[in-house]
Trainee: 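Before I ask anything, let me first share the structure, which is written out below as structure tokens.
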2 protein chains.
Amino acid sequence: MWMAELASRSGLSVATVKYYLREGLLPSGTATGATRAAYDETHVRRLRLIRALTDVAGLRLESVRQVLDGIEAADSWHDAVGAAHTRLGTAESTPPTPGSLARVDDMLEAQGWQLAPGHPQAAALAHALDVLDDVGHPISDEMLFLYAHALRPIVMREVASVHLDERGELIDADVEAAVIGTVLQEPVLLSIRRIAQENVSRKLTEGT
Amino acid sequence: MWMAELASRSGLSVATVKYYLREGLLPSGTATGATRAAYDETHVRRLRLIRALTDVAGLRLESVRQVLDGIEAADSWHDAVGAAHTRLGTAESTPPTPGSLARVDDMLEAQGWQLAPGHPQAAALAHALDVLDDVGHPISDEMLFLYAHALRPIVMREVASVHLDERGELIDADVEAAVIGTVLQEPVLLSIRRIAQENVSRKLTEGT
DNA sequence: CTCCTTAGATAGTTCTACTCTCCAATATTG
DNA sequence: CAATATTGGAGAGTAGAACTATCTAAGGAG
């Protein structure tokens, strides 16, 4: 397909698609002459992924590029998700305090989880704990434990379902799927939590 | 305290604080003359809340203002959280499809939850489901149920802890606390999920 | 042969969130 | 009381992100 069709299939303007090409977010099509290039389904899929990452996950294009680069380089689900996670943190200005890092370590140990020291997600979690402290509403260790405990079955099911999807070797589409699933399911999780909060709190309020 | 102290206490520049005043995010201090106004702890707290909402929750200032307005108007935890949630959705361009709305309704019913039809969070969830469909990785009803089920104990504990904080009537600080807690705990939840994913997936990979 | 589309490059626009500069009116300090 | 500093208030300016528009030369379609 040509540029015009690619643009309409992805719901973007030609100018925007060109912009993504320039920015290296979308690989160029196969040139069939000096003024023509052919695009295929992978390009459509890539564009949809880009928009999902920006619109839903709220990533900036710079982060999207890093995630995409990470996907290219990864050769396992674990690598791909790790690469994506590495780029997802909201570029922390302040480094986490040793105290909150220690709390994160404790939680990891309690769950039997291991993470390389200095791992970005550990730092991101520690930073989040610091922010809650700063604002005057620290989170308790008990709550942290509860979070980890409750998320366990969710994550096991998520990981299992991805591994069911693939047959033997990981192909590009699967790695992409892993990242999409991981990132785009986050809003689902948060939405359900919000809905649950409103219900639980209303029930308590009514009960009074 | 005067402007200079307010700025340094909140870690912002005088110019930025003035900007927030102009934008109506921060109520003006009590004027003690034509060129002087006194600020207090509520102003410091408000500034910290604003920064937490922008930096951590990633809200734009326009959304922050709406959340703050919602807090002002609310007279219960339930109202305040509802008001905050209303403004949190990533302004969806496309309305959700009837199909996904129906799936959300089913999930609500299965959980015994009630939400007014057309409630923003229901729409946001439906929209998230649509996006996953569009990208070619729909989420199963089973997974939805699992999410809701796993989040139950978390939410019950969260709501309970807020209600323990207050004594009788809700005061401003408590309502603020509810919103802070709800919004700023989201990154904690997501971070733990990411950490868990990496661990679970690595264990599976190693097991192979 | 004529008109349309495209690749590729450059420049311009819009939006957000500040940041800077002024000014006149005070406060503060010596 | 005089010199200096600070403030409130308002407007203009800036930087970055994400487009959007325009232009040119080269093909391609009918």
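Per chain, numbering begins at 1; letters A, B, ... match sequence-line order. Side-chain atoms are counted along with the backbone in the values below, which use heavy atoms only and exclude waters and symmetry mates.
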Trainee: Nearest of D:dT7, D:dT20, C:dT6 to any side-chain atom of A:Y19?
Mentor: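 Comparing D:dT7, D:dT20, C:dT6 against the side chain of A:Y19, the answer is D:dT20.
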Trainee: Once you round it to whole Å, what is the distance between C1' of D:dA18 and CG of A:L53?
Mentor: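 Going from CG in A:L53 over to C1' in D:dA18 covers 16 Å.
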Trainee: Just the rounded figure in Å: distance from P of C:dT19 to CG of B:L12.
Mentor: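 Taking CG of B:L12 and P of C:dT19, I get 9 Å after rounding.
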Trainee: Rounded to whole Å, how long is the line connecting atom CZ of A:R22 with atom P of C:dA7?
Mentor: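 Roughly 12 Å, once rounded to whole Å.
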Trainee: Identify, between B:L61 and A:W2, the residue whose nearest nucleotide on DNA chain C lies closer to the 5' end.
Mentor: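 With B:L61 and A:W2 compared, the 5'-side residue is A:W2.
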Trainee: Closest approach to the side chain of A:T35, judged atom by atom: which nucleotide of D:dA26, C:dT5, C:dC18 is it?
Mentor: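 Within the option list, the nearest is D:dA26.
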Trainee: From C:dT16, C:dC18, D:dA17, pick the nucleotide closest to the side chain of B:R60?
Mentor: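 Looking only at heavy atoms from C-beta outward on B:R60, the closest nucleotide is C:dT16.
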Trainee: Within the structure shown, what part of the strands sits under 4.0 Å from A:A31 by heavy-atom distance: base, sugar-phosphate, or nothing?
Mentor: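 If one applies the 4.0 Å heavy-atom cut-off, A:A31 turns out to touch nothing in the nucleic acid.
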Trainee: Is a donor from one side chain sitting under 3.5 angstrom from an acceptor on the other, for A:H43 and A:D40?
Mentor: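 A pair is found: one side chain offers a donor N or O, the other an acceptor, under 3.5 Å apart.
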Trainee: Whole angstroms only, please: what is the NZ-C1' distance between B:K18 and C:dC22?
Mentor: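 To the nearest whole Å, that distance equals 10 Å.
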Trainee: Which nucleotide sits closest to the side chain of B:A34: C:dA25, C:dA11, C:dT19?
Mentor: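 Nucleotide nearest to B:A34's side chain: C:dA25.
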Trainee: Specify the separation, in whole Å, of atom CG of A:L47 and atom P of D:dC19.
Mentor: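 Those two atoms, CG and P, are 12 Å apart.
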Trainee: At under 4.0 Å between heavy atoms, what does A:R51 touch on the DNA or RNA strands: base, sugar-phosphate, or nothing?
Mentor: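 Sugar-phosphate contact only - A:R51 comes under 4.0 Å of backbone atoms but never of a base.
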Trainee: Counting side-chain heavy atoms from CB outward, which of C:dT19, D:dC19, D:dT7 is closest to B:A15?
Mentor: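 The closest nucleotide is C:dT19.
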Trainee: Let me know the distance between CD1 of A:I50 and P of D:dA17, rounded to the nearest Å.
Mentor: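 It works out to 17 Å between those atoms.
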Trainee: Could you pull out the closest heavy-atom pair between A:V17 and A:S10, with the gap in Å?
Mentor: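 Between these two residues, the closest heavy atoms are CG2-OG, 4.4 Å.
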Trainee: In whole angstroms, how far is the P atom of C:dT28 from the CD atom of B:E5?
Mentor: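 It works out to 14 Å between those atoms.
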Trainee: Quick one, A:R103 with A:D141, criterion salt bridge (charged side-chain N to carboxylate O under 4.0 Å, His left out). Give me CA distance, side-chain angles, the key distance, then yes/no.
Mentor: CA-CA 8 Å; A:R103 292 186 63 197; A:D141 281 327; 3.0 Å; yes
Trainee: Map A:T16 and A:R36 onto DNA chain D by nearest heavy atom, then report which one ends up closer to the 5' terminus.
Mentor: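 Mapping each residue to its closest nucleotide by heavy atoms, the 5'-most match is A:T16.
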Trainee: Considering every strand and a 4.0 Å limit on heavy-atom distances, what is the contact class for A:S63: base, sugar-phosphate, or nothing?
Mentor: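 No contact at all - A:S63 keeps every heavy atom at 4.0 Å or more from the nucleic acid.
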Trainee: Give me the atom names and distance for the closest heavy-atom approach of A:L125 to B:S191.
Mentor: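 Smallest interatomic distance, heavy atoms only, reads N-OG, 3.7 Å.
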Trainee: In this structure, how many angstroms lie between the P atom of C:dG8 and the CG atom of A:L26, rounded?
Mentor: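 Result: 12 Å.
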Trainee: Pick the closest DNA chain C nucleotide for B:T54 and for A:Y39 by heavy atoms, then say which residue is nearer the 5' end.
Mentor: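 Result of the comparison: A:Y39.
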Trainee: Does either side chain, that of A:Y147 or that of B:E158, offer a donor lying less than 3.5 Å from an acceptor on the other one?
Mentor: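 Yes, B:E158 and A:Y147 have a side-chain donor paired with an acceptor closer than 3.5 Å.
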